[in-house]
Amino acid sequence: MTTSKAQQTAQKIILAAAVLFDKKGYYNVSIKEIAAKASVNSALISYHFGGKQQLYKDVLTRQALMVDDLQKNIMSRECSALEKLRIYLADIMQLHFDSKQHVRLLYLEMLNPTGICDQYIENRLGAIHSFTAALVKNAIAEHSIH
């Protein structure tokens, strides 16, 4: 399998898994179901991800990277801290409402942990909180909010 073909297959699997995990939860989704949704042989999930648990972690990592990208974009803007906070919150909401991204899985895992990636989720939650808190602190320092 060529690298681009392998990458396309892995991407199809991640997207299918994200849809199913979002809809049914981690424990209610099988490898065979993910493979069927992705239109691939179930052995390819083990080949690319080592199994369902690592696939789930990779789905969450992909979602966390989307939030990281939003944060980088916000920090590169030349505007007030309050405007950065407004843009960030609007972008986060838009990301949550984008049914193709399934970013809500990241938050569902925080609220109802599967126990699969506790430390990772704790770190992600801390990073999201720290970023938001810094924006609020900067807005207070600028006297944009009280």
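Given the structure is predicted, the values throughout are model-derived calculations rather than measurements.
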In this structure, OG of S130 is separated from CD of Q71 (nearest 0.5 Å) by 9.5 Å

Heavy atoms of L20 and V29 approach each other most closely as O-CG2, 3.5 Å

For K52 and Y26 the tightest heavy-atom approach is NZ-O, 2.9 Å

Common cluster, L105/L65, ILVMFWY with side-chain heavy-atom separation under 4.5 Å:
no

dist L60:CG -> L55:CG (nearest 0.5 Å) comes out at 9.5 Å

* Taking it one step at a time, do R86 and E83 satisfy side-chain contact (heavy atoms from CB on, under 4.5 Å)? -> CA-CA 5 Å; R86 284 183 183 143; E83 187 59 22; 3.6 Å; yes

Between K12 and S39 the two heavy atoms that sit nearest each other are NZ-O, 4.0 Å

Can you find a heavy atom in the side chain of D91 that is under 4.5 Å from one in the side chain of Q94?
-> yes

Value for CD1 (I74) from SG (C79), rounded to nearest 0.5 Å, stands at 7.0 Å

In this structure, OG1 of T114 is separated from OH of Y56 (nearest 0.5 Å) by 4.5 Å

Output for pair (L44 CG, I34 CD1), nearest 0.5 Å, gives 13.0 Å

Between the OG1 atom in T9 and the CD1 atom in I45, the distance rounded to the nearest 0.5 Å is 11.0 Å

All heavy atoms of L135 vs all of A81, minimum pair found to be O-CB, 3.9 Å

Heavy atoms of F49 and D58 approach each other most closely as CD2-OD2, 3.0 Å

So salt bridge (Lys or Arg N to Asp or Glu O under 4.0 Å) across residues 64-81, not counting sequence neighbours, yields D68-R124

Item to complete: Could you go through the side-chain contact (heavy atoms from CB on, under 4.5 Å) check for L70 and M66 one step at a time?
Response: CA-CA 6 Å; L70 284 180; M66 285 187 245; over 6 Å; no

In terms of heavy-atom contacts, A17 and V59 come closest through CB-CG2, 4.1 Å

>> Using a 6.0 Å cut-off, check whether atom CD of E142 has over 12 heavy atoms from anything other than its own residue.
In response: yes

| field | Heavy-atom donor-acceptor pair, N138 side chain to A134 backbone, under 3.5 Å | value | yes

(request) Start with the C-alpha distance between L15 and R62, add both sets of side-chain angles, then the distance that settles side-chain contact (heavy atoms from CB on, under 4.5 Å), and finish with yes or no. (result) CA-CA 10 Å; L15 293 174; R62 179 178 171 270; 3.4 Å; yes

